[in-house]
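Data first, discussion second: the structure below is written as structure tokens.
Proteins get letters first, then strands, A, B, ... in listed order; numbering begins at 1 in each.
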Amino acid sequence: MKQKINIVFLLLLITSMSFAQQTITGVVTSAGDSQPLPGVTILLKGTTTGATTDFDGNFSIEAPSSGVLVFSYIGFLTQETAVKNQRKLNIALQEDISKLDEVIVVGYGTQKKSDITGAVASVKVSDLQSIPSSRVDEVLQGQVAGVQINNNDASPNANVSVRIRGVSSINGGNDPLVVIDGVQGNNLGDIHPNDIKSMEVLKDASATAIYGSRGASGVILITTKKGKNKKPELTYNTYTTIHEVREKLDLLNASQYAQYINDNRQVRGLPLVFSDNQIQDFNNGGGTDWQDKIFRSGFSHNQHLNISGGNEDVIYSISGDFLESKGIVTGSSFKKFSMRPNISVNLSEKLKVNLNIFNSWSKDNPTLLNTRDRQGSPIFASFRFSPTKSVFNSDGTYSQPGGGAGPNTEYNPVALALEPIRDNYSNRMTVNPSIEYKITNELKATISGSYQLIDDENGFYYNEKIVNGSESDREASISNSKFIRYQNTNILTYEKEFNEKHNLTLTGVYEQQISKFNSSFASARDFLTNAVSYNNLELGAVSSPPSSFRSEESLESFMGRLGYSYDGRYSVIFTGRSDAASVFAENNKHAFFPSVGVAWNISKEKFLADSNTINNLKLRASYGEVGNAAIKPYQSLAQLVTGSNFSFNGGALTSGINLSTQAPNPDLKWETTEQLNFGFDLNMFNGGLSLTADYYKKNTTDLLLERALKEASGFQTQLVNAGEVENKGFEITLSSKFINKRDFKWNTNVTFSKNENEVLALNGGETSIALSNSNSNIGLPGFNNAIWIDVGQPIGLIKGLEYAGVWKSDESILAGAYGVAPGSPKYIDQNNDGIINNDDFVNIANALPNYTFGWNNTFSYKNFDLNVLVIGVQGNDVYNIARSLIESQDEGTGVNLLNAWTPTNENTNVPGHNAIGDFRNSSRWVEDGSYIRIKNITLGYNLSKTWLKPLGISSAHIYLTGTNLLTFTDYTGFDPESNNAANVNTSSSTDSFAGVDLASYPSQKKYTLGLDIKF
Amino acid sequence: MMKINIFKMKKAFIFLILICASFGGCADIELNETPPSLLSPNSFFTTESEFQAALAGTFRALYTGYTGFDYGYPLIMTSGAEDVRSDAGIFRDMDRLSANGSDQSVSNVWRQLYQSISNANTIIENLNNAQDISDQALGEIEGQAKFIRAFSYFYLVRWFGEVQLTTFENQGDVENLRQSSVAEIYASIIKNLKDAETKLPDSFSDKGRPTKGAAKALLAKVYLTMAGWPIEDASNYKLARDKAFEVMSLGYDLEPSFADLWKEENKLINNEFIFTFYGSIASNGDSGSHMHIASRHWGNGEGGWGDFFSEDRFYNEFPDSPRKDATFTSVFSDGTSWIDAAVQPHMAKYRDAGETIADDGQGFNVMLRYADVLLIYAEAANMAEGSPSANALEAINKVRRRAMGLDVNTPNASVDLTSAMSQQDFDEAVLDERNWELAFELNRWFDLVRRKMVVEVNQGLHPNVTEQNRLLPKPSSQLIPGILEQNSGY
């Protein structure tokens, strides 16, 4: 009997044991959005039994009921679950907020986030993608501390400037280096936010020194989407926007203008221009509001489609994008079509081949800005052309200037907006093949080549209607330019872990770049017909000699990086780069840039490792040198200028050359920026609060300066390395998942940047330099010597006379001592020498801001979400010289003129009708450009899955956005962001002439409806 | 185990070789710059066509981009005299004799004059490198370069007084080049013109090039100016008289009708122009003239800019004559007189610019003409000899006869001056005649300065005028303490 029971027990035991090994199935999802997670690794703890989840997150694994299953997935916190009695497990993995194991893209490689010693800001790409725009530079505003985005003009194909940690260079350019998938020198405006997989902004020397003579203004690294090992996924993003002018200028209407002109002529003893009848007509609604005539509602829409997917061997992501925009100034529009196919093939376990391609075709019909006269800007004309004129004369021709009111050289704004044809075509292409070869487990080689092409063709046609002229006024021109860039980058990376505690990474890079540029220009005039516009230059009876230009430049670099980390707690990184550039002058062809950075992961120390409040605390420090080589080719050489033609007989021109007005400089070299950075990153409450703060000090020496030479030499300028500029400041990024309940979430993100800019020294003990004469004339006569570089002051310094109002009648004797009568502007005679001249110039404006901030809030309630972005800039001055024309006594159009000084209207700051000396550099034109703006408000709704599933749609998000709805500012021009002096059309020049507003494209309020669908 | 290692190493080796090959293959980076499109001064200035191109560039600096004699800045710089007036914002201060160092005209013209000088210096220095150019052609190039250098310095010294005298050697170091005295500058001008008058031919097929006659005429004017303020060396009157006499035997003549002088169709064929800048509309008006539109009234059908005009007191004191009718635009295109239009009388001499493209025209700016030479002779002879000689009288009377529309060579008692005049009366008569004959031709201001009449003529209208107004302010941006100083009073 006992034996029988034993056997039964044994049998039971065996059976129970065999039954104990059961099949556990289940689904793994992401706790945050309940999406299934494919590729999750499941391990039976203590064994080598494992499985992975499939596309839909399903898994199946054999495990005993005593077993423990460990679920791990990159970016998520590892979770352990005991099997016990369960056969079906639904696991929700929590996102790893601190993402310490995440791999971040850095220059020429990747680094584990915990090892990073530099100030690297990973941009929350999803935040960018929630703002409707087809350009990533537009949506970066307010998102990253230390990065200031400025819309220099708000036109459809706008010029947006990006500045990282202040402005260090005056002539060398301050644009950060943009690297897309390893290819340098791209344009941020070409990248669609929805194509971006990750984006890093490199701010300090430890991160940027490896870019050597190109890294001084910071680096923006972008990795585009490449596809995943998944079934094909189709994503469609679309939006439609309506634009309205945000603020018009305050100008006189026709009757006010007519009355004002009459008053002016009367005081000056000239005949009145307008009769009482005419003024009566204007009172009854005659005349024209030119701003209304050239501004309209703008419209734009964007269609973006992406197909991505792949299998184990091949992954792909193909995007197509179409943007069409009609600007708010009549006659302006922009159209662009682009494609971005990326494909990646694993030829073997060790060899991977990638091909990234970008193509775009665009057509721009721009509105001219900042130009005067017959081929000038309609916006400029709209505040100069007399409001008493109608758009058309009775015979149907455009009304013309003159007639006693309004300047003779500014033409009909409607004509200037509609009649000239400007067709600017641009084809861009980037082809980037690369090979990644894993030589051994530790040693990896990457060889990449790229070809970039920017091919522009601009056609221009000017007909006779604007000046009411004849065939001889017709002009046409075609301008072609081609820019080609080859880059070859060869990287060897060695990564090894020793004894589980020591981690060593060695990187060696050899890179070469060649750029070629050529352009040609042909024009003719006196066309017998308008019918073919610029498409047949032969029809022009008079042709100008065509011109052409060609240039080349090259760069050869060697770089190395050594990174060492101990136990994930301490890390140090050394980098060094040597550059040889053709643009450097003969005496200084080679440059070397080193850097060192250290980091301490305090949160991994024993005393904090188990803390539940502090998830991550890291201290960082770095120091290094970076350079700025943005000088154009041949600037160090002595040159002759061609085309100085002269006629010795009133007929044919003799081809002439003369000495270039720029003197040569055989010592010309790059600018060097030394940067010191201290920072810390803190994550608490598992995402409840995270804080990153950095303090930095950048000293830029050997600034490229165009020094004004004394003209008696025949030269006017020379490019020299002179002077030192310091930028120091701090950046704070604070973000918090303030409320994180199931149904209601509130995330907030604040960025704050304060930068102090100061010129520390100029060459040879000088304390003050006027920027060269030809450039210091910022587009208006009388405004010479406005822009200065002074020791002890920031860049963007404007000097002029101090305006003290108007001489009153009881001051007539004193006024007479200065050679003027009451009613003329009164300037402070700083040195009391009885003469108002350049010796009385003081600092009147500083264009750079004191601080900037951005505050982004995202609320979500069930399926609704609301995003509000507020940005602010404080402390920048704008030199509104457009007002000097708007308020000019004899022909201005501004409402301030109604308050012009007269003997009976003495209490005013607007000079009178007979004023002498009003057209001068002075603080009268300086305005505070500080502003706080509610940049974006987006209300969105996630359509419910029950409706979408039958359509095959996996998710859909519909939203409504308002942009620039509210701006708080004291600035009276179109927009405090506008930044464009005349003769300035490259973003490198906008900093030296920062803050000058002559006639910009008005900013807009935008209303957008958008839809994002995933199939 | 070994097998695998070797295999691994072999693969690594092959790959490293491939990488190095690609390094080597692509390593043809060229670091030295050789601009494909640009010319270098180090290899230029050898052939004749290169020198001719450099000469064109040198003249161009004085006539380009609304900054030189193509537009009104030089004329505005003489608006301290009665003939020119402007009320435009950027010109008004100069006209009211209260200009300052940041004056627009002053800054621009200074720069252009020196640009021309530095290019002329470069040509003259490089003549040694000439290859395969005949002596005669080389001399002509040298003569033209020296003429235009003297011409530029003559304007600089008359407007600004002490300025820096640059040569090819020292123009690279102007920060340390002290301003020269007026006497030194005049010495240089005279040297240049004496060289030029031997090397230049009697005429060129291109009428815009300076000839032997132009060099002599300019030299005569230089001597006459040196007889006045600030040099005030009366021995120069004799030199001026003799040099003017040399010009008078070169075959120039007064144009019978004063009005014909200002017609574009005559600009190349008249016998009176000695040195003129010609505007051209070729190549889209690249080197066009700009005086025609600037000097026209903005209203009454004239369609101009009204940038500058004349003074009513000048008009009112101007003797009635065919010359006056051709000098002033007193009635505008729509028939309104200047009085009824309540503006000033406008200049007529620049109206005709032939064919125009936009604002560029085929106008002409005459810098030296025969009537000027005759009057130089008359003034210099009178001052040198103590009383007007027969030649001096005949010289001025020719001008007076032509002004009245009479035959130049036939004596006419109603207009001629007689030997009964005293030296002083005759002198005043010559100065008045110069004022009327050469109105708006950059003359009167310089006459007022050298004869110390600036205050006397202006104090009624501009009570702030002082002797210091004889010189214009140098551009403030160009001053170098201890090296180039501002003129007193500014």
Side-chain angles (χ1 to χ4, degrees), chain A residues 270-271 374 402 404 408 437 439-440 443 445 447 472-473 488 490 510 512 525 542 544-545 549-551 554 556 580 582 589 633-634 637-640 642 644-659 710-714 770 773 781-782 784-785 819 835 837-838 916 919, chain B residues 8 12 15 19 22-23 26 29-31 33 35-41 44 53-54 56-57 59-60 89-90 92 98 100-102 104 107 110-111 114-115 118-119 122 164 166 171-172 174-175 206-209 267-268 278 280 282-284 286-287 298-299 305 342 357 362 464 476-478:
Chain A
L270 296 171
R374 62 210 314 267
N408 285 323
Y437 184 61
I439 303 174
T440 69
L443 190 63
I447 300 182
S472 63
D473 291 300
N488 161 246
N490 309 288
Y510 172 70
Q512 39 190 358
R525 56 161 198 92
V542 180
S544 307
F549 180 73
R550 190 174 284 271
S551 74
S554 50
E556 189 182 29
S582 63
K589 285 280 182 202
Y634 319 132
L637 307 175
Q639 293 175 26
L640 290 175
T642 52
S644 312
N645 307 330
F646 182 75
S647 174
F648 284 105
N649 58 16
L653 292 181
T654 304
S655 194
I657 60 99
N658 57 22
L659 298 172
K710 295 301 178 198
E711 288 158 353
S713 60
N773 213 18
N784 295 328
N785 284 324
I835 310 172
N837 58 10
N838 282 15
I916 293 184
F919 206 56
Chain B
K8 260 194 185 161
F15 217 80
I19 292 173
S22 61
F23 287 6
C26 303
I29 296 263
E30 179 54 62
L31 289 176
E33 291 187 306
S37 306
L38 300 175
L39 295 174
S40 163
F44 204 71
F59 276 74
R60 160 111 180 166
I90 51 174
R92 192 154 44 191
S98 52
N100 57 61
S102 47
Q104 175 89 355
S107 309
W110 174 284
R111 182 184 67 235
Y114 267 111
Q115 195 175 342
S118 68
N119 278 285
T122 310
Q164 292 162 301
T166 60
Q171 70 186 14
V174 290
E175 311 261 339
D206 286 330
K207 288 288 238 157
R209 294 184 187 273
K267 68 186 180 188
L268 290 168
Y278 291 103
S280 160
S283 289
N284 222 19
D286 186 27
S287 191
W298 42 261
W305 296 341
I357 303 174
Q362 295 176 308
N464 53 304
S476 313
S477 60
Q478 298 302 308

Atom [atom1] of [X] and atom [atom2] of [Y]: how far apart are they, to the nearest 0.5 Å?
{"X": "A:Leu637", "Y": "B:Ser40", "atom1": "CG", "atom2": "OG", "answer": "7.5 Å"}
{"X": "B:Ser37", "Y": "A:Tyr634", "atom1": "OG", "atom2": "OH", "answer": "7.0 Å"}
{"X": "A:Ser655", "Y": "B:Arg60", "atom1": "OG", "atom2": "CZ", "answer": "10.5 Å"}
{"X": "B:Trp298", "Y": "A:Asn408", "atom1": "CH2", "atom2": "CG", "answer": "8.5 Å"}
{"X": "A:Asn658", "Y": "B:Ser118", "atom1": "CG", "atom2": "OG", "answer": "8.0 Å"}
{"X": "A:Gln639", "Y": "B:Leu38", "atom1": "CD", "atom2": "CG", "answer": "4.5 Å"}

Exam field: side chain [X] to backbone [Y], donor-acceptor pair closer than 3.5 Å:
{"X": "A:Ser554", "Y": "B:Glu30", "value": "yes"}
{"X": "A:Glu711", "Y": "B:Tyr114", "value": "no"}
{"X": "A:Ser472", "Y": "B:Ile357", "value": "no"}

Specify the closest pair of heavy atoms between [X] and [Y], including all atoms of both residues, with the distance to one decimal.
{"X": "B:Ser287", "Y": "A:Ser647", "value": "OG-N, 4.1 Å"}
{"X": "B:Ala56", "Y": "A:Phe646", "value": "O-CB, 3.5 Å"}
{"X": "A:Leu659", "Y": "B:Pro41", "value": "CD2-CB, 4.5 Å"}
{"X": "A:Lys710", "Y": "B:Ser477", "value": "NZ-O, 2.9 Å"}
{"X": "B:Ser280", "Y": "A:Gly651", "value": "OG-O, 2.6 Å"}

Taking every non-hydrogen pair under 4.5 Å, which of [options] racks up the most with chain B?
{"options": "A:Ile657, A:Val542, A:Leu653", "value": "A:Ile657"}
{"options": "A:Gly656, A:Ser644, A:Ala712", "value": "A:Ala712"}
{"options": "A:Gly819, A:Ser544, A:Ser582", "value": "A:Ser582"}

Practice task
Report the option among B:Lys267, B:Gln171, B:Glu33, B:Gln362 that has the most heavy-atom pairs separated by less than 4.5 Å from atoms of chain A.
Solution key: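 If we count pairs closer than 4.5 Å to chain A, B:Glu33 comes out on top.
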Problem - When B:Leu268, B:Asp206, B:Leu31, B:Thr122 are compared by non-hydrogen pairs under 4.5 Å with chain A, the top option - result: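 Going by pairs under 4.5 Å, I would pick B:Leu31.
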Handout entry: Toward chain A, the part of B:Asn464 with a non-hydrogen atom under 4.5 Å
Key =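 For B:Asn464, there is no contact with chain A at all, as no heavy atom is under 4.5 Å.
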Handout entry: Under 4.5 Å from a heavy atom of chain A, the part of B:Arg92 involved
Key =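 Side chain only.
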Handout entry: Interchain contact, A:Asp473 with chain B, by part (heavy-atom threshold 4.5 Å)
Key =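 Side chain only.
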Problem - Contact origin within A:Arg374 toward chain B - heavy atom pairs under 4.5 Å - result: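 Only the side chain of A:Arg374 comes within 4.5 Å of chain B.
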Exercise for the section: Would you mind reporting whether A:Ile835 and B:Asn100 have side-chain heavy atoms less than 4.5 Å apart? Expected result: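 No, every pair of side-chain atoms sits at 4.5 Å or beyond.
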Problem - Any side-chain heavy-atom pair of A:Ser713 and B:Val174 under 4.5 Å - result: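 SC-SC contact between A:Ser713 and B:Val174 confirmed.
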Exercise for the section: Take the angle between the ring planes of A:Phe648 and B:Phe59 and call it parallel below 30°, perpendicular above 60°, tilted in between. Expected result: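 Aromatic pair A:Phe648/B:Phe59 classed perpendicular.
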